[in-house]
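What follows is a single structure, written as structure tokens, with notes after it.
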Amino acid sequence: MCAQSTKKQKNTLTKDNLYHVDKSKSNTIDSLMKASHSNGILIRDNVIIKHWEYDKNINQKIEVQSITKSIISLLLGIAIDKGLISNINDKVIKYYPQFDAGKYSNEITFKHLVTVSSGIKATKFKENYGNHNDMPPGLDARYHNDHFDLLAKALTFIYDKPLLEVLKTNVLNPLDINIEWSIDGEVLSSDGKTIPVYAGYAFTKWTAGDLAKIGLLYLQNGKWEDKQIISQKYIQESLTPISIPLMVSRPNQDVRIDSNNTYGYGWRAKKSPNGAYIWHMSGNGGQFCVLIPEKNMVFVKINGYSEKYKPYRRLDQFLDLLLAQ
């Protein structure tokens, strides 16, 4: 599914590894990046093609909102790889006795949470979402923040340490990445100590280049240079469409099937013109990190999400340009 690269990645933006693609296409992307006040980076065959810094300096971190959900999925995969969770289809409450997700708590699995199909009602920024009642898990997928809020709490209990510490040890340090992440709550460990919970649904800050490294990690089937950071099996399962429909569920609107998009393990996907799925991490403000395996390409666009950045320029507006590279 994902292209495996054998070339060494060039992590530093220098004149030696920065060059320009076809000028007309590059300029069109550039105009969109400029209009959206975005930072970004385009990497192909592990070479930095171009970078943009229309929001902040390229080395400054930007809050990427729901892209954080994809990072929680990564931490779930590492927990499975380490044997802390036997199977993604296991019930969450088996590992996290404090798990309280409403009426169907005893039925919800880790897969339900990471595929937004747990059926739990929206409470975190609930005004943005339409489903305010619990329903049985596994019927369909309804995106909102609570799935990953609860998954972060469960993983914090299972790891028995703050998730930022886990992420640094297993991912950030090997990839030479530095991020910021806000705390949102706490859990009690099995021995009664209090562990801070980092927000599972938003509030991480990244540079475009560092976020692109996570994209490359997935593009390279979980391998970074000579180290397998996360199993190829989990990567491939993460980038596989769920077998149930992804729904559009917004306030004061009828719930309907989202026929143009699907979901994986904390990743979104849309169909390209040739019918293949294009996978991406996605955040409020038209922020994304998209993988295009057929071109061995990663493209990141990150920016603020206040009125200044509207109308948001989303992946749809870039996809044809990227596929034409």
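Quick caveat: nothing in here was measured; it's all calculated off a predicted structure. Residues: numbered from 1 along the sequence shown.
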Heavy-atom pair of closest approach, residues Ser117 and Thr115: OG-OG1, 2.8 Å

Please determine whether residues Leu150 and Tyr104 belong to a single hydrophobic cluster, defined as Ile, Leu, Val, Met, Phe, Trp and Tyr linked transitively by side-chain heavy-atom distances below 4.5 Å. no

Does the side chain of Lys103 reach to within under 4.5 Å of the side chain of Ile120, using non-hydrogen atoms? no

Answer yes or no: is there a donor N or O on one side and an acceptor on the other, between the side chain of Asn303 and the main chain of Gly285, under 3.5 Å? yes

Can you tell me how far apart CH2 (Trp224) and CG (Leu175) are? Round to the nearest 0.5 Å. 4.5 Å

Answer yes or no: is there a side-chain heavy-atom contact under 4.5 Å between Leu113 and Phe99? yes

Would you confirm whether Arg313, through its side chain, and Ser38, through its main-chain N or O, come within 3.5 Å as a donor-acceptor pair? no

Looking only at heavy atoms, the pair that brings Ile58 and Trp52 closest together is CD1-O, 3.5 Å

Can a donor-acceptor pair be found, under 3.5 Å and without considering hydrogens, that links the side chain of Asp210 to the backbone of Ile177? no

Heavy-atom pair with the smallest gap, counting every atom of Val300 and Ile302: CG1-CG2, 3.9 Å

Which of Lys126, Arg250, Arg142, His144 passes side chain to side chain donor-acceptor pair (under 3.5 Å) with Asn131? It is His144

Answer yes or no: is there a side-chain heavy-atom contact under 4.5 Å between Leu322 and Ile29? yes

With sequence neighbours left out, the residues meeting side-chain contact (heavy atoms from CB on, under 4.5 Å) with Asp100 are Ser105

Which residues pass the side chain to side chain donor-acceptor pair (under 3.5 Å) test with Tyr54, not counting sequence neighbours? Asp30

More than 12 heavy atoms from other groups under 6.0 Å of NZ on Lys168: no

Closest contact, heavy atoms only, Ala101 versus Ile108: CB-CD1, 3.7 Å

What residue among Ile78, Leu75, Ile80, Val171 forms side-chain contact (heavy atoms from CB on, under 4.5 Å) with Ile230? Ile78

Student check: side-chain heavy atoms of Ile195 and Pro162 closer than 4.5 Å: yes

Using the rule given for side-chain contact (heavy atoms from CB on, under 4.5 Å), can you reason through Leu291 versus Leu239, listing the C-alpha separation, both sets of side-chain angles and the distance that settles it, and then say yes or no? CA-CA 10 Å; Leu291 314 181; Leu239 307 183; 3.9 Å; yes

Under the side-chain contact (heavy atoms from CB on, under 4.5 Å) test, residues paired with Ser231 that sit two or more places apart: Asp81, Lys233, Tyr234

Tell me, please, which residues at least two apart from Lys205 pass side-chain contact (heavy atoms from CB on, under 4.5 Å). Lys61, Glu63, Glu180

Ignoring hydrogens and angles, state whether a donor on the side chain of Asn296 or Asp45 is under 3.5 Å from an acceptor on the partner side chain. yes

What do the steps show when you test Val166 against Leu155 for side-chain contact (heavy atoms from CB on, under 4.5 Å), and what is the final call? CA-CA 10 Å; Val166 178; Leu155 289 173; over 6 Å; no

Co-members of Tyr309 in a cluster of I, L, V, M, F, W and Y side chains, linked at under 4.5 Å: Tyr305, Tyr312

Any residue meeting side-chain contact (heavy atoms from CB on, under 4.5 Å) with Pro174, in chain and number order, not counting sequence neighbours: Lys227, Ile229

Side chain to side chain donor-acceptor pair (under 3.5 Å) partners of Thr169, counting only residues at least two apart: none

Reported CG-to-CD distance for the pair Leu217 and Gln228, which is rounded to 0.5 angstrom: 8.5 Å

Full working for side-chain contact (heavy atoms from CB on, under 4.5 Å) between Asp140 and Met135: CA-CA 10 Å; Asp140 57 37; Met135 53 187 284; 3.9 Å; yes

Tell me, do Leu163 and Ile72 make a side-chain contact under 4.5 Å, heavy atoms counted? yes

Consider only side-chain N and O atoms of Asn133 and Lys121, and report whether a donor and an acceptor are under 3.5 Å apart. no

So Ile214 and Trp206, do their side chains get closer than 4.5 Å, heavy atoms only? yes

Rounded distance [0.5 Å steps], CH2 in Trp267 versus OH in Tyr218: 6.0 Å

Looking only at heavy atoms, what is the nearest atom pair of Met281 and Ser70, with distance? CG-OG, 3.1 Å

Under 4.0 Å between a Lys/Arg side-chain N and an Asp/Glu carboxylate O for Lys310 and Glu307? yes

Going by atom types only, do Asn145 and Lys69 share a side-chain donor-acceptor pair under 3.5 Å? yes

Hey, is the main chain of Ser86 close enough, under 3.5 Å, to the side chain of Tyr95 for a donor-acceptor pair? yes

Please test Tyr143 against Ser66 for side-chain hydrogen bond (donor to acceptor under 3.5 Å, both in side chains), starting from the C-alpha separation and ending with a verdict. CA-CA 11 Å; Tyr143 176 91; Ser66 289; 2.9 Å; yes

Trp279 ring center near Tyr265 ring center (under 6.0 Å): no

Residue pair Thr109 / Asn89: nearest heavy atoms and the distance that separates them: CG2-O, 3.1 Å

Within 6.0 angstrom of Lys270 NZ, more than 12 heavy atoms from elsewhere: yes

With under 30° as parallel and over 60° as perpendicular, where do the rings of Phe288 and His280 fit, or are they tilted in between? perpendicular

side-chain contact (heavy atoms from CB on, under 4.5 Å) evaluation trace for Leu172 with Leu164: CA-CA 9 Å; Leu172 302 185; Leu164 182 55; 4.2 Å; yes

Across all chains, not counting sequence neighbours, the salt bridge (Lys or Arg N to Asp or Glu O under 4.0 Å) partners of Arg268 are none

Residues passing the side chain to side chain donor-acceptor pair (under 3.5 Å) test with Asn284, sequence neighbours excluded, are none

Are the side chains of Ile88 and Leu76 in contact, using a 4.5 Å heavy-atom criterion? yes

With sequence neighbours excluded, residues passing side chain to side chain donor-acceptor pair (under 3.5 Å) with Lys56: none

When you measure from the side chain of Lys301 to the backbone of Gly286, do you find a donor-acceptor pair of N or O atoms at a distance under 3.5 Å? yes

Checking Asp258 now: which residues fulfil salt bridge (Lys or Arg N to Asp or Glu O under 4.0 Å) with it, not counting sequence neighbours? none

Under a side-chain separation threshold of 4.5 Å, the hydrophobic residues clustered together with Met247 are Val255, Ile257

Do Tyr159 and Ile183 land in one hydrophobic cluster if side-chain heavy atoms of ILVMFWY residues count as linked below 4.5 Å? yes

Look at atom CG of Asp191 and say whether more than 12 heavy atoms of other residues, nucleotides or ligands are closer to it than 6.0 Å. yes

Would you say Asn274 has more than 12 foreign heavy atoms packed within less than 6.0 Å of its CG? yes

Using the ring centroid of each side chain, check whether Tyr198 and Phe203 are separated by less than 6.0 Å. no

Evaluate the side-chain proximity of Phe148 to Val114: yes if any heavy-atom separation is below 4.5 Å, no if none is. yes

